[in-house]
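In the text below, chain A, chain B and the rest are named by the order of the sequence lines, each starting its count at 1. The analysis underlying the following values was restricted to heavy atoms, covering all of them including side chains, and did not include hydrogens, waters or symmetry mates.
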Amino acid sequence: MTDKTLEPGVVPGRLDASAYDAHFSDLHPPLEGHEALVAADRCYFCHDAPCVTACPTDIDIPLFIRQIATGTPESAARTIFNQNILGGMCARVCPTETLCEEACVRELAEGKPVEIGRLQRYATDTLMDQDVHPFTRAAPTGKSLAVVGAGPAGLACAHRAAMLGHDVTIYDARPKPGGLNEFGIAAYKSTDDFAAREVDWLMQIGGITLRHGQALGRDITLDALQKQHDAVFLGLGLGAVNALGLEGEDKGGLEDAVDFIAELRQASDLSKLPIGRDVVVIGGGMTAIDAAVQAKLLGALNVSLVYRRGRERMNASAFEQDLAASKGVRIITNATPKAIHGNGAVREIEFEYTDDDLTPTGQTVRLPADQVFKAIGQKLEGAGLPALDGGKIAVQGAGRTSVDGVWAGGDCAAGGDDLTVTAVAEGRDAAEDIHSHLTAEG
Amino acid sequence: MADLTSDFVGIKSPNPFWLASAPPTDKEYNVRRAFEAGWGGVVWKTLGEDPPIVNVNGPRYGAIWGADRRLLGLNNIELITDRTLEVNLREIKQVKRDYPNHAVVVSLMVPCVEESWKHILPLVEDTGADGIELNFGCPHGMSERGMGSAVGQVPEYIEMVTRWCKQNTRMPVIVKLTPNITDIRKPAIAAQQGGADAVSLINTINSIVSVDLDSFAPEPVIDGKGAHGGYCGPAVKPIALNMVAEIARNPETADLPISGIGGVTTWRDAAEFMTLGAGNVQVCTAAMTYGFKVVQEMISGLSQWMDEKGFTSTDQIVRRAVPNCSDWQHLNLNYVAKAVIDQDACIKCGRCYAACEDTSHQAIAMSEDRVFTVKDEECVACNLCVNVCPVEGCITMEPMEPGTIDPRTGRKVEAEYANWTTHPNNPGACAAE
């Protein structure tokens, strides 16, 4: 306990200075060599393996694990990067418990899957630590591609297109590349500035120019990009945040969870980052969990995560829910925000309990709150975009939009599950389709 | 990237990984799948005379397993192909036509009569196959009929049949040797004298893998009885490596190309066979255990290792370890090493202590808080602790510097090489020149 533990309001330095490093160290520490061999030995090298089917990027998991087992993690990394150039980040942030590891036959046999995510990190870290980029560019095609957004989808698309010989310019609204990898994932999943290092490593392919501070609709337009380039890929993500729709939403202490996470990710000194004593996070997805857990790790005394439906409907996996619970986050379900109380700044937030069909029950609860993070979803913003479907860019096949010569992928495109790994797959596949399109034109 | 293309006695293949003559190469269907998966070549499952042999209709395989049910050894009582000659020849021709750059070698086994060989050789030649392999190794069933290892155990027969084949075909002749003999050099010499282009080894080893303790019959049990089979898989690799090295080291057969067979499961196994003299390797059990895709790891691993070592083609690794294969009597008795335990890596299981204290030289000390240290004054550097330690690299054998005193013997470690032939305890020692 420090003298700031019980202090009300939103204040920095609630923890001992030494506590921050420990709190924000790797969630899953990297495997040592011996651990990696033991873990790799457990893979059965299944035929037409369920883990591969479960991977949105179709990484040949049995092959890369066998390559680790036979002492060639560098070859393993090549197997991974062939399919997923952001395999390093995906090894850290993928919800493996609902993807490859859930499908692992050893999960069925013993309830203990092969540690695919950590093995993937072992392989990719090995090659990246040697600063080896395993691909070379094909001969220049003379064609140019504009990529909007330097997040997972945009980077995957840019890398694959550059590898195939096209000249790529990435336009990104932020001052740094990486998208949600850099600004939107819990710090304990991407330590040691990994997101930035990964982009630097990826750029070694050559042929990619990064232009920062270029937001679509503000600094650049789709029309102009189409005139300057032979093709355009839109991977701009979701720039806007859904509102609660309550009176008093502008009171002090109410913030978007994505802004809190971005600020935390960019903070050079976490002890200077203010956090409330009583924090309430509204939402049930990964962003809500990331915000709630990090609020707790920053020293918030009470953190509640409130979701309007039941636990089984939460987008956050059971593992993520358990992680939050283990860090001391209280998860409240079947409760909808009803009113914000406070004079100038929020003091309490009131919820009404609902049944499973979201029908109000009339029973309410007030939670003390000096900080409230909204994590109830994000939405696409921008004008002059191709046709939309359910608020996102409609796509067909490998990301083809309603506009000829314009592709889209990642969170801004309809379909998919808004995971990093899905964005990578969509960016990669769009690049292949763009390549076929551009080379077919002759 | 290292060039993995292989030229073995004039037979070219995209890589040195061939499937051995065995069930995986019995049919066109399997072989096409193998080539699509990345295998460089196949030795087609042994053809015989019509009418085809018959197989048992019960289990053909038995196995032994390591921890986690990892298959370590496989034993089989399957015979040569049980399909007609005509069907096999037709399929071989079709496969070779569609895969001209892959190696297709045909394994043969017909009775020890020249007419039989004269009859089958032109039929095989007509398929466009790249070569033949004489199956002098099958140790079960066929050997009872005077074929397979029954031929391979008699050097004179090997030489005779090899000569018949060389006289009656233009195809390269590879002679597959049985390990069920006393001295592998003898059949290799016989093959060479008969004009063989190469030998391949080892075929399977006579074996009973286990006994069913309810029916009191050896596995695999066929209606209450079992017959010995042929043993293969990772467990036989050390035996095969030694036999390959024996032939490669023998001045008489030093130029005889070898196709290495026996438990090749990973790129490392293949590299080891090749450094001991094999020009390429043949694989069966690994494919039968993990499927054809397993070759992808062999290709990537061998390629990575060659790149790291600076080798650009496979012929640069072949025989690279042969000069370092020595007889015991020529090992340096002045070389002194001591075990060293890396305390950071040690997980304190105590297996090294149990092994050394109970069965070796009482050279490891154990403290009350389970710290294990080597007693240099007792350690003979036997390596047992290294071998039983579950953590790779935790215990190492560190050579002592010349000029230092070995605390076990109290003698100075000499820099000069000295072996048993000149040792004072050797009654037959000759003075050093």
| So which part of B:Thr289 gets closer than 4.5 Å to some heavy atom of chain A, the side chain, the backbone, both or neither? |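 Interface part for B:Thr289: neither.
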
| query | Which region of B:Arg70, side chain (C-beta onward) or backbone (N, CA, C, O), has a non-hydrogen atom less than 4.5 Å from a non-hydrogen atom of chain A, or is it both or neither? | reply |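 For B:Arg70, the contact with chain A is made by the side chain alone.
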
Whether over 12 other heavy atoms sit under 6.0 Å from [X] [atom1]:
X        : atom1 : value
B:Lys348 : NZ    : yes
A:Gln204 : CD    : yes
B:Arg32  : CZ    : yes

| request: Let me know if A:Tyr44 has heavy atoms under 4.5 Å from chain B in its side chain, its backbone, both or neither. | output: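 Backbone plus side chain of A:Tyr44, per the 4.5 Å heavy-atom cut-off to chain B.
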
| Minimum heavy-atom distance A:Asp41-B:Asp68, with the two atoms named | O-OD2, 4.3 Å

| said: Please find the pair of heavy atoms, one from B:Glu392 and one from A:His34, that lie closest to each other, and give the distance. | reply: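 Answer, listing the atom of B:Glu392 first, then A:His34: N-ND1, 4.3 Å.
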
Check: [Y] and [X] side chains under 4.5 Å, non-hydrogen atoms:
X        : Y        : result
B:Ser300 : A:Gln67  : yes
A:Asp60  : B:Lys293 : yes
A:Arg66  : B:Tyr290 : yes
A:Thr72  : B:Trp305 : no

| said: So, taking the atom named CD1 in B:Ile299 and the one named OG in A:Ser75, what distance separates them when rounded to the nearest 0.5 Å? | reply: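 Reported value, rounded in 0.5 Å steps: 11.5 Å.
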
| message | Only heavy atoms, only distances under 4.5 angstrom. Which residues in residues 94-130 of chain A are near chain B? | response |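 The list, in residue order, reads A:Arg106.
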
